[in-house]
Amino acid sequence: MTKRYKIAISLKVRLALQFMLVVAGILLFFAALVYYFTYTTNRDKFRINLLNRATNTAIILINRQEVDTALLKNILQSTFANQNQEILVTDANLRIIYSYNAQLLKADILRSTVNTDPYDFFRIGGKDGAFYKFTYKHKTAYVFILAFDKQRDDYIIELQKIIFWSILFSLWLSVLTSYFLSRRAFKPVTEIIKNVKAINSSSLSKRLDEGKRKDELESLAMTFNEMLADLEVSFKNQEDFVSNASHELRTPLSVMIAESDYFLNKAHTPDEYKNHISDLVNDCKKLNSQLNSLLNLALVNRDKNILFLSIRLDEIIYEAVHQVKHKYPDRKIITKVQFPENENDLIISGNPGLLIIGFKNIIENACKFSDDDVNVELVIVDNLIKVLISDTGIGIPSGELETIYKPFTRASNAKFKSGFGIGLSLVVKILEVHHAVLQVFSV
């Protein structure tokens, strides 16, 4: 059986490791540059010294005949002995004219090194070499010099140690610094996580600290708060709908079931059965109307999904009045529209279905609670469209004007009229969605 282990590494540690790898890459790159340029610079200096020595050797040995080979050997030993120097001087046919400690300078090496250039450099067995072509009195001589740069080798070894320990210390310092900075940078994230864990469905009113609203984390907190606000509204609407529906639908359904059970326990005449069924149909119509009102109220609460169109408000008013007259055919509803010079001033952005429902509810209330004419007037005042709906009915008690907008709340003098108390709360929601204002005046 194969076991698999997963190691969870926090984002702070991962960022610290990534930062360390980046720093390590940069340090290695610059270390390589320092090493390369230091090495090549010292190598080139040493090779120039070799070339100068090859030139001097040719001048002393060939141009200055009075200096013999023994004296030249002594000079070279005293000036260059600590570098394991090798010198070989040949004619144009590679016949040896002078040789000093020539161990690596073999015939095949000499042939591969000679070229048409006046001088060249080469490397054999860890030693640097210089080739020099010397011409004197129509004669050509080749000088080969090979030596080991011990000073450069010691310097490079010391440089390698310095680079190694510098990189090691810098990496250790970068790990500590990056971890400290990542912890500091993630402190707001930790606070956000802590605060988010404390938020649940029963505490959606809590909000995250948005700080100065400048950096990305504060923007994240702002976005999360906006989401919490939407969730809070959604949960509130859901709770209201469930509460309203259970409160308003349970009682009439229970009454209908109880009456039907009671009616079935005894024998009745066909007319009694017919009357009972007729009553059930009426109750079902009321429940259907009540359920439609609840669904409309829930729809308005989901205002972000409502489609807005360019519509003429006078046409909405006429359609609402038409639907109310269909329900109250004997009532007189007087409609007056003050048309502006530019009829485009009557065009608004809104949802026609919801606006018709809103105006229809107000006009229906006016018809329901009054026996005289109902006046509906549309006027434009100070670039605002005002719709005035008035009646001369029973009115609303002055102390209850603030409570009539709550769902299932009705005025104390309206108990004798049928209704559910949803109409005005639905109207308020619809107008809020359309950024309109509802004012109620009653005497």
Self-check item: Validation row: Tyr318, Leu313 side chains within 4.5 angstrom (heavy atoms)
Solution: no
Nearest-0.5 Å distance, [atom1] of residue [X] to [atom2] of residue [Y]:
X: Lys127; Y: Phe122; atom1: NZ; atom2: CZ; result: 11.0 Å
X: Ile97; Y: Arg95; atom1: CD1; atom2: CZ; result: 8.5 Å
X: Ile124; Y: Lys106; atom1: CD1; atom2: NZ; result: 10.5 Å
X: Asp391; Y: Ile363; atom1: CG; atom2: CD1; result: 11.0 Å
X: Phe441; Y: Ser390; atom1: CZ; atom2: OG; result: 12.5 Å

Which atoms form the tightest heavy-atom contact between [X] and [Y], and what is the distance?
X: Gly358; Y: Ile430; value: N-CD1, 3.8 Å
X: Leu88; Y: Ala102; value: CD1-CB, 4.2 Å
X: Ala92; Y: Tyr142; value: O-CE1, 3.8 Å
X: Pro340; Y: Ile380; value: CG-CD1, 3.6 Å
X: Ile389; Y: Val374; value: CG2-CG1, 4.5 Å
X: Asn101; Y: Glu86; value: O-CG, 2.9 Å

Practice problem: Would you mind telling me which of Ile317, Leu378, Val376 makes a side chain to side chain contact (heavy atoms under 4.5 Å, CB included) with Val337? | Solution: Leu378
Sidechain-backbone polar pair: [X] side chain, [Y] backbone, donor-acceptor under 3.5 Å:
X: Asp382; Y: Leu384; answer: no
X: His434; Y: Asn351; answer: yes
X: Asp117; Y: Asp120; answer: no

Quiz item: Of all residues at least two apart in sequence or in a different chain, which pass the side chain to side chain contact (heavy atoms under 4.5 Å, CB included) check with Pro352?
Solution: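 Pro352: side chain to side chain contact (heavy atoms under 4.5 Å, CB included) contacts with Leu309, Ile311, Ile316.
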Quiz item: Looking at residues at least two apart in the chain, or sitting in another chain, which of them share a side chain to side chain contact (heavy atoms under 4.5 Å, CB included) with Val379?
Solution: Gln338, Glu377, Val381, Lys386
Quiz item: Which pairs count as side chain to side chain donor-acceptor pair (under 3.5 Å) when at least one residue sits in residues 165-174, sequence neighbours excluded?
Solution: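 Sorted result for residues 165-174: empty, none.
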Self-check item: Pairing residues for Phe164 by the ring pair (Phe, Tyr, Trp, His ring centres under 6.0 Å) criterion, not counting sequence neighbours
Solution: none
Quiz item: Quick one: ring pair (Phe, Tyr, Trp, His ring centres under 6.0 Å) partners of Phe144, sequence neighbours excluded?
Solution: Phe131
Quiz prompt | Check ion pair Arg152-Asp128 (N to O, under 4.0 angstrom) | solution = yes
Just jot down the side chain to side chain donor-acceptor pair (under 3.5 Å) partners of [X], sequence neighbours excluded, or say none.
X: Gln18; value: none
X: Asp154; value: Lys150
X: Glu343; value: Arg312
X: Asp44; value: none

Exercise. Apply side chain to side chain contact (heavy atoms under 4.5 Å, CB included) to the pair Asn375 and Thr335, showing each step before the final yes or no.
Key: CA-CA 6 Å; Asn375 296 295; Thr335 306; over 6 Å; no
Self-check item: Step-by-step side chain to side chain contact (heavy atoms under 4.5 Å, CB included) determination, Lys429 to Glu432
Solution: CA-CA 5 Å; Lys429 289 289 185 181; Glu432 283 180 357; 4.1 Å; yes
Practice problem: List the steps, then state whether side chain to side chain contact (heavy atoms under 4.5 Å, CB included) holds for Asp153 with Ile157. | Solution: CA-CA 6 Å; Asp153 191 63; Ile157 292 174; 3.7 Å; yes
Quiz item: Parallel under 30°, tilted from 30 to 60°, perpendicular over 60°: which one fits the rings of Tyr119 and Phe121?
Solution: perpendicular
Quiz item: Partners of Arg111 by salt bridge (charged side-chain N to carboxylate O under 4.0 Å, His left out), sequence neighbours excluded?
Solution: none
Exercise. With sequence neighbours excluded, tell me which residues meet salt bridge (charged side-chain N to carboxylate O under 4.0 Å, His left out) with Arg43.
Key: none
Quiz prompt | Full working for side chain to side chain contact (heavy atoms under 4.5 Å, CB included) between Leu346 and Phe339 | solution = CA-CA 8 Å; Leu346 294 173; Phe339 290 99; 3.8 Å; yes
Taking distance alone, no hydrogens or angles, what donor-acceptor pairs closer than 3.5 Å link side-chain atoms of residues 26-39 to residues at least two apart or in another chain?
| unit_1 | atom_1 | unit_2 | atom_2 | d |
| --- | --- | --- | --- | --- |
| Tyr35 | OH | Gln160 | NE2 | 3.3 |
| Thr38 | OG1 | Val34 | O | 2.6 |

